[in-house]
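Taking it in order: structure first as structure tokens, then the write-up.
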2 protein chains.
Amino acid sequence: MARRIGLTLDRVLDEAIALADAEGLGAVTLARLAERLGVRSPSLYAHVAGLDGLQRALALHAAGALKSALQDALEGTSGLDGLRSLARAYRAFAHAHPGLYEATQRAVTPGEDPELSAAFLEVVEVVGRPLRKRGLTGDDVVHAVRALRSALHGFIVLERAHGFGLSASIDESFERMVDLLIAGLHG
Amino acid sequence: MARRIGLTLDRVLDEAIALADAEGLGAVTLARLAERLGVRSPSLYAHVAGLDGLQRALALHAAGALKSALQDALEGTSGLDGLRSLARAYRAFAHAHPGLYEATQRAVTPGEDPELSAAFLEVVEVVGRPLRKRGLTGDDVVHAVRALRSALHGFIVLERAHGFGLSASIDESFERMVDLLIAGLHG
DNA sequence: CATCATGCCTAATGCCGTTAGACAGATCAA
DNA sequence: TTGATCTGTCTAACGGCATTAGGCATGATG
């Protein structure tokens with residue numbers, strides 16, 4: 001009976017990512033994933049620590065992907081351009097990989113899972129880079145990064161939840177918000 | 001056998017709210033709710049249209065409660081004070097009623113459920129009030145409200161998910177972000 | 001060729017939401 | 001008071017989900 005399918009953590013993760021991006025993180029269930037992989041759901045436990053482990057792996061992968069996207073956006077820019085480019089890349093990533101971006105929101109209580117915490121921290125560090133370049137230091141950076149992340153993340157969440165009912169252009173709203181942030185963040 | 005418990009939509013909702021605020025919206029299941037109410041879960045269907053209906057009712061209630069809180073915060077303020085008071089009230093509501101605030105995030109696809117859409121729109125309208133008072137009109141109000149909501153909502157979500165790892169004061173981060181927004185929003 | 005580890009399987013458990021249908025108690029008409 | 005009807009709760013049952021235990025064939029290893 002159909003043994004040794006050749007399942008692999010990477011295969012499983014790839015399929016999970018595809019499913020998450022196509023139908024949302026909530027659609028990523030072990031049962032559906034197994035079906036897509038031509039396997040029974042208990043078989044997945046050989047590669048992943050249950051649903052929770054899968055979601056954690058997704059979050060880890062998502063953090064790395066987001067970090068890369070932001071780094072790329074910063075490449076060859078300077079100062080204000082960098083901040084704007086970063087903001088656009090952030091939203092572009094969320095649009096291109098909605099499920100992965102969702103995975104980024106996984107709550108991680110302080111003590112547990114230092115690896116995931118570190119991965120998230122690396123993303124935060126990249127966001128802070130253009131701010132430090134502009135001369136911010138110490139807690140000023142932290143506060144500024146928090147404001148930036150809040151605005152970007154909030155915008156994306158509201159946008160995806162169809163929270164912007166009125167008819168004005170959402171793209172323009174985003175650009176204006178970024179203008180506002182850049183201006184306020186010592187521009 | 002134990003008939004006519006006297007269950008009521010309000011009783012059900014109150015218990016659901018208590019559960020949501022105590023353990024998060026995800027903990028609000030028909031099974032647990034029924035147990036708390038001393039009833040079997042199918043009995044809830046006489047009062048609520050399944051889990052989805054319950055969540056919708058929670059969202060509706062939450063929108064009303066948030067709107068009231070924001071209106072109260074605006075009472076007797078003017079201009080800049082109003083905006084700051086509103087922002088603080090927004091976060092205070094999310095802290096005091098985490099489950100209810102979570103219910104506020106229910107995604108509602110444009111066409112369906114006009115009643116819920118209208119309820120959410122009323123909250124948005126209150127947020128826009130101090131901006132209109134300061135002379136903003138037309139799309140300027142819409143864009144400004146979107147920026148404001150994004151920042152406030154994003155901050156709250158990140159805060160609750162323990163997304164602010166570093167040690168700087170979260171309260172100060174919030175005040176600074178509000179400063180930034182007020183300054184940028186034509187202050 | 002014999003052994004063993006591994007990757008997949010089936011079976012079973014328990015939780016969940018949901019539906020169908022029975023029934024007791026309240027309400028109301030006569 | 002009696003009897004019919006309505007309604008809120010119940011039990012039973014189904015299907016989907018995650019998860020665990022245990023079996024077994026295949027591939028790797030000596």
Side-chain angles (χ1 to χ4, degrees), chain A residues 1-20 22-61 99 102-103 106-109 112-113 116, chain B residues 1-20 22-61 99 102-103 105-108 112-113 116:
Chain A
M1 9 198 66
R3 334 220 88 271
R4 208 106 309 169
I5 300 275
L7 219 45
T8 247
L9 176 58
D10 281 344
R11 269 283 279 123
V12 172
L13 263 187
D14 283 351
E15 204 64 35
I17 291 168
L19 185 53
E23 306 187 28
L25 195 59
V28 178
T29 131
L30 292 186
R32 291 204 55 194
L33 196 53
E35 191 188 357
R36 271 165 157 258
L37 290 163
V39 131
R40 304 295 184 149
S41 52
S43 307
L44 296 176
Y45 284 76
H47 304 276
V48 136
L51 182 62
D52 192 67
L54 174 66
Q55 289 171 343
R56 181 185 173 276
L58 277 176
L60 218 43
H61 178 92
E102 233 180 305
R106 180 179 168 92
V108 42
T109 60
E112 71 171 22
D113 207 338
L116 186 56
Chain B
M1 3 205 73
R3 334 219 88 274
R4 207 105 313 170
I5 299 275
L7 219 44
T8 248
L9 176 58
D10 281 344
R11 269 281 281 123
V12 172
L13 264 187
D14 283 351
E15 206 62 36
I17 290 168
L19 185 53
E23 305 186 29
L25 195 59
V28 178
T29 121
L30 292 185
R32 292 205 53 194
L33 196 53
E35 191 187 356
R36 271 166 157 258
L37 290 164
V39 131
R40 305 295 183 148
S41 52
S43 307
L44 296 176
Y45 284 76
H47 304 278
V48 136
L51 182 63
D52 192 68
L54 174 66
Q55 288 171 343
R56 181 186 174 276
L58 277 175
L60 218 43
H61 177 92
E102 233 181 305
Q105 301 177 40
R106 180 180 169 92
V108 42
E112 71 172 20
D113 207 339
L116 186 56

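The figures here come from the full heavy-atom set of this structure, side chains too, leaving out hydrogens, waters and symmetry mates.
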Closest to the [X] side chain: [options]?
X	options	value
B:Ala31	D:dC17, C:dG17, C:dT18	C:dG17
B:Pro42	C:dT19, C:dC8, D:dT9	C:dT19
A:Val39	D:dT9, C:dC8, C:dG17	C:dC8

Could you give the [atom1]-to-[atom2] distance, from [X] to [N], as a whole number of Å?
X	N	atom1	atom2	result
B:Leu7	D:dG8	CG	P	10 Å
B:Arg40	D:dA12	CZ	P	10 Å
A:Arg56	D:dA18	CZ	C1'	19 Å
B:Leu33	C:dT18	CG	P	13 Å
B:Tyr45	C:dG21	OH	P	17 Å
A:Glu35	D:dG16	CD	P	10 Å
B:Leu54	C:dC16	CG	C1'	14 Å
A:Leu37	C:dC9	CG	C1'	16 Å

Counting any heavy atom closer than 4.0 Å, what does A:Ser43 reach on the DNA or RNA strands: base, sugar-phosphate only, or nothing? base
Is the closest basic N to carboxylate O distance between A:Arg32 and A:Glu23 below 4.0 Å? yes
Does A:Arg106 come within less than 4.0 Å of A:Asp52, counting only side-chain N to carboxylate O? yes
So, applying side-chain contact (heavy atoms from CB on, under 4.5 Å) with A:Arg56, which one of A:Asp113, A:Leu51, A:Val48, A:Val108 is it? A:Asp113
Steps toward side chain to side chain contact (heavy atoms under 4.5 Å, CB included) verdict (B:Leu58, B:Leu25): CA-CA 10 Å; B:Leu58 277 175; B:Leu25 195 59; 3.8 Å; yes
With respect to the phosphate group of D:dA18, does any side-chain polar atom (N or O) of A:Thr29 fall under 4.0 Å of OP1 or OP2? yes
